[in-house]
Amino acid sequence: MNDAEFKRFTEAAAQCQMTNAAFLAYAVDKAARDLTRTAAEIATEREVLDELFAARRHLGRIHGLFNQVAKALNSGADAPHLNATAQAVLNAARRMENATDALLAHRDGGTAS
């Protein structure tokens, strides 16, 4: 548990007027009573992270393709749809960045770092 998580945990316990130990016992018991939901929430976050890493890999491949396009253009080739393609990639990268920021904000309790 990092410092931010511990702070959030202790603040939640205090808000509930419970000791850290009592709050932890209550939270563990609540999660254990609904394993389907607990597992689904963990799996969902893991799946989102997997998709973000896959998108990052795809953007890396696109970077390589743009290098090939630059080489072709330097050799006199024509790329009539380059601007539209570059804009589409930029939009995808921005959407990925926004999704990452939203995930981090959700994980950190509403404040992206």
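Starting from 1, each residue takes its place in the sequence as its number.
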Review item, side-chain donor-acceptor pairs of residues 67-79, under 3.5 Å, at least two apart:
residue: Asn74; atom: ND2; partner: Ala70; partner atom: O; Å: 3.3
residue: Ser75; atom: OG; partner: Lys71; partner atom: O; Å: 3.1

Gap between atom CG of Leu49 and atom CD of Glu47 - 0.5 Å precision: 10.5 Å
Solution key, residues 57-65 side-chain donor-acceptor pairs under 3.5 Å, sequence neighbours excluded:
residue: His58; atom: ND1; partner: Arg61; partner atom: NH1; Å: 3.4

Taking ring pair (Phe, Tyr, Trp, His ring centres under 6.0 Å) as the test, write out the residues that go with Phe9, two or more places apart. Phe23
Please test Val48 against Phe53 for side chain to side chain contact (heavy atoms under 4.5 Å, CB included), starting from the C-alpha separation and ending with a verdict. CA-CA 9 Å; Val48 169; Phe53 281 117; over 6 Å; no
Phe66, CZ atom: more than 12 neighbouring heavy atoms under 6.0 Å: yes
With sequence neighbours left out, what residues match Asp29 under side chain to side chain donor-acceptor pair (under 3.5 Å)? Arg33
Go through the structure and list residues passing salt bridge (Lys or Arg N to Asp or Glu O under 4.0 Å) with Glu11, not counting sequence neighbours. Lys7
Strictly by side chain to side chain donor-acceptor pair (under 3.5 Å), give each pair with a member in residues 90-100 just once, sequence neighbours left out. Gln87-Asn91
Val28 and Phe6: same hydrophobic cluster, using ILVMFWY side-chain contacts below 4.5 Å? yes
